[in-house]
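Read the structure below first, then the notes.
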Protein chains: 2
Amino acid sequence: MKHSLVAVEPNGHICSDCSVRKFSVCASLDANEVRDFEHLGRHVAFAPCETIFSEEELTSSFYNVLDGVMRLYKLLPDGRRQIVGFALPGDFLGMNISGRHNFSADAIGPVIVCQFPKAAFARFIEEKPHLLRRINELAIRELSQARDHMVLLGRRSAEEKVATFLLCWRERLILLYGPSNTVPLPMSRQDIADFLGLTIETVSRTFTKLERDRIIEIIPGGISFLDLARAEALAAA
Amino acid sequence: MKHSLVAVEPNGHICSDCSVRKFSVCASLDANEVRDFEHLGRHVAFAPCETIFSEEELTSSFYNVLDGVMRLYKLLPDGRRQIVGFALPGDFLGMNISGRHNFSADAIGPVIVCQFPKAAFARFIEEKPHLLRRINELAIRELSQARDHMVLLGRRSAEEKVATFLLCWRERLILLYGPSNTVPLPMSRQDIADFLGLTIETVSRTFTKLERDRIIEIIPGGISFLDLARAEALAAA
DNA sequence: GATGGCAGTTGACTCAGATCAAACGGGGCG
DNA sequence: CGCCCCGTTTGATCTGAGTCAACTGCCATC
């Protein structure tokens, strides 16, 4: 846990140039609104493994991921961990009704976020129903993903879980960075295990099995798909 | 699967008298808006085991549960089922972004819903940001519950799952009907199993074990808590 | 008050994935 | 270069929950 590198660009950023704008909440804002919006958020960088916010902590800000990957997780009192998602550029974090975060978030690699003070953001949204609609849309999309993940956790085998994870992760990266059969995996095996409800050993063995079956190739920092069709068959089944 | 009993009250209902109003989306509407809202929805009754809507079906309506219990579930192609939630009076169903339902819903016992044609509802919401805010609030609450359920599915033992389920179900019923240590369970053992990512046999055995340990008592159509503190200890651990 | 059916329970056995333990391997550093 | 560290892989064994099968008990129907 290194210390944070605060405020990389002390309000010198320009939202209209922002690379994740079209994926993000801000997609719903027009040119004038974006200008106002700019004064609201500021860019903050986090070092690998740094915590952006913790479960049960009072929510003081919302976050828009600009660059990097985060793991979002919940801990049981005895230390068991369930990763409830990975956040990528464009993801919007921090909404809740209790006033406290309901999961923790930390940076996997270096991360840059656009941070909005909660109160100012709430005020800004007040008169912008289209922004609210956009946030609602994102929440509903996440809800749908959460339900899909419940099916995976409750009813799928280890091999199905891993295949599904790799394919879904690939899809997300394609949306952001364009098509490729090579899939970087910035998170550790332990992270993948805690996301899929498995142990690290099972994840590792399953990777090896998929490679032995010539479905994937394990490369440093990721995998490469050799046979997408068979991977999809495993995931669908 | 019996045939449906349509439109119990062909628009003779009065929203201002509605028993679930304070729990529901409609809580955000003022007296005038409720009057307009009345013309939008109509009450529809469903017989036990009837399907309200199916996954992948085009969304033509939204639903507000007025009475009864529904199971919300997703099926894998080979028939494995994951119940993603149970809907109780006050729950609002049908929101999605794809235009298709992303899970199926059927009645467990007799169910009455308030059904809103999608288009009319969308038009109504257009100029009512507070209603949108209320819907967003409900979505965020559900998202939080979904994440809690992921932890349960991915990281908890059978006994912890069952104890947690019974306690959570009790909490929901208390909110609606007031405190009681007796907890009706209208859903079948199979439903509970498919909700918790277990088999029916494991659910049954775990119930028996909890009863043998004098934590619960199994009664027809439900259970009764004998030792809430120990149940909570099991669920928390 | 027999009969059939279905939800739930119980028992015996199996197995997928967990646990425990050891080995591997690549990158950083003295 | 050699050593260590740590994330990962592999192997051996164990076990919690799944599977398969039989049984119970409660209605519903005749």
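Every value quoted in this text rests on a predicted model; they were computed, and no experiment measured them. In what follows, chains carry the letters A, B, and so on, assigned in the order in which the sequence lines appear, proteins first and then strands, with residues in each chain numbered from 1.
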With the sugar-phosphate defined as primed atoms, P, OP1 and OP2, and the base as all remaining atoms, what B/S/- string results for nucleotides 15-21 of chain C, 5' to 3', for protein heavy atoms under 4.0 Å?
--SSBB-
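Every salt bridge (charged side-chain N to carboxylate O under 4.0 Å, His left out) that Arg155(B) has, sequence neighbours left out, goes to Asp194(A). In this structure Arg205(A) satisfies the side-chain hydrogen bond (donor to acceptor under 3.5 Å, both in side chains) test with no other residue, sequence neighbours excluded. Contacts of Ser24(B) classified as side-chain hydrogen bond (donor to acceptor under 3.5 Å, both in side chains), with partners at least two apart in sequence or in another chain: Asn64(B). Applying the salt bridge (charged side-chain N to carboxylate O under 4.0 Å, His left out) test to Lys209(A) and every residue at least two apart in sequence or in another chain returns Glu159(A), Asp213(A). For Ser104(A), the side-chain hydrogen bond (donor to acceptor under 3.5 Å, both in side chains) test picks out no residue, with sequence neighbours left out. In this structure Glu160(A) satisfies the side chain to side chain contact (heavy atoms under 4.5 Å, CB included) test together with Arg156(A), Ser157(A), Ala237(A), Arg80(B), sequence neighbours excluded. Among residues two or more places apart in sequence or in another chain, the side chain to side chain contact (heavy atoms under 4.5 Å, CB included) test is passed with Ile200(B) by Arg189(B), Gln190(B).
Taking the six-membered ring for Trp and thresholds of 30 and 60 degrees, Phe116(A) and Phe92(A) have ring planes inclined between 30 and 60 degrees apart.
A salt bridge does not link Glu57(A) to Arg100(A): none of the charged side-chain nitrogens sits closer than 4.0 Å to a carboxylate oxygen. A salt bridge links Glu142(A) with Arg147(B): the distance from a Lys NZ or Arg NE/NH1/NH2 to an Asp or Glu carboxylate oxygen falls below 4.0 Å.
Atom CD of Glu160(B) and atom C1' of dG16(D) are 12 Å apart (whole Å). Rounded to whole Å, the distance from CD1 on Ile200(B) to P on dC6(C) is 14 Å. In this structure, the CG atom of Leu185(A) is 16 Å from the P atom of dG7(D), given to the nearest Å. Per the geometry, CG belonging to Asp194(A) stands 15 Å off C1' belonging to dT8(D), to the nearest Å. Atom CD1 of Ile219(B) is separated from atom P of dG8(C) by 14 Å (rounded to the nearest Å).
Within a heavy-atom distance below 4.0 Å of DNA chain D, the residues of residues 207-218 of chain A found are Thr208(A). For the segment residues 68-79 of chain A, the set of residues with a heavy atom within less than 4.0 Å of an atom of DNA chain C is empty.
Only one option out of Leu234(B), Val162(B), Leu228(B) pairs with Leu167(B) in a side chain to side chain contact (heavy atoms under 4.5 Å, CB included); it is Leu228(B).
Using modelled atom types and a 3.5 Å distance limit, the side chains of Arg141(B) and Asn96(A) yield no donor-acceptor pair. Residues Thr202(A) and Thr199(A) have side chains that bring a donor and an acceptor to within less than 3.5 angstrom of each other. With hydrogens and angles left out, the side-chain atoms of Asp191(B) and Tyr73(B) include no donor and acceptor closer than 3.5 Å.
Taking the centre of each ring, Phe86(A) and Phe195(A) come in below the 6.0 Å mark.
Among the heavy atoms of the strands lying under 4.0 Å from Ser188(A) are primed sugar atoms or P, OP1, OP2 only; no base atom is included.
Between its two ends, the helix from dG1(C)-dC30(D) to dG30(C)-dC1(D) turns its axis by 30°, counting five pairs per end and rounding to 10 degrees.
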I would like to know whether Arg71(A) and Asp106(A) meet salt bridge (Lys or Arg N to Asp or Glu O under 4.0 Å); could you show each step before the answer?
CA-CA 6 Å; Arg71(A) 63 178 153 253; Asp106(A) 43 50; 2.6 Å; yes
Could you list all N or O pairs between the protein and nucleotides 24-27 of chain C that sit under 3.5 Å apart?
none

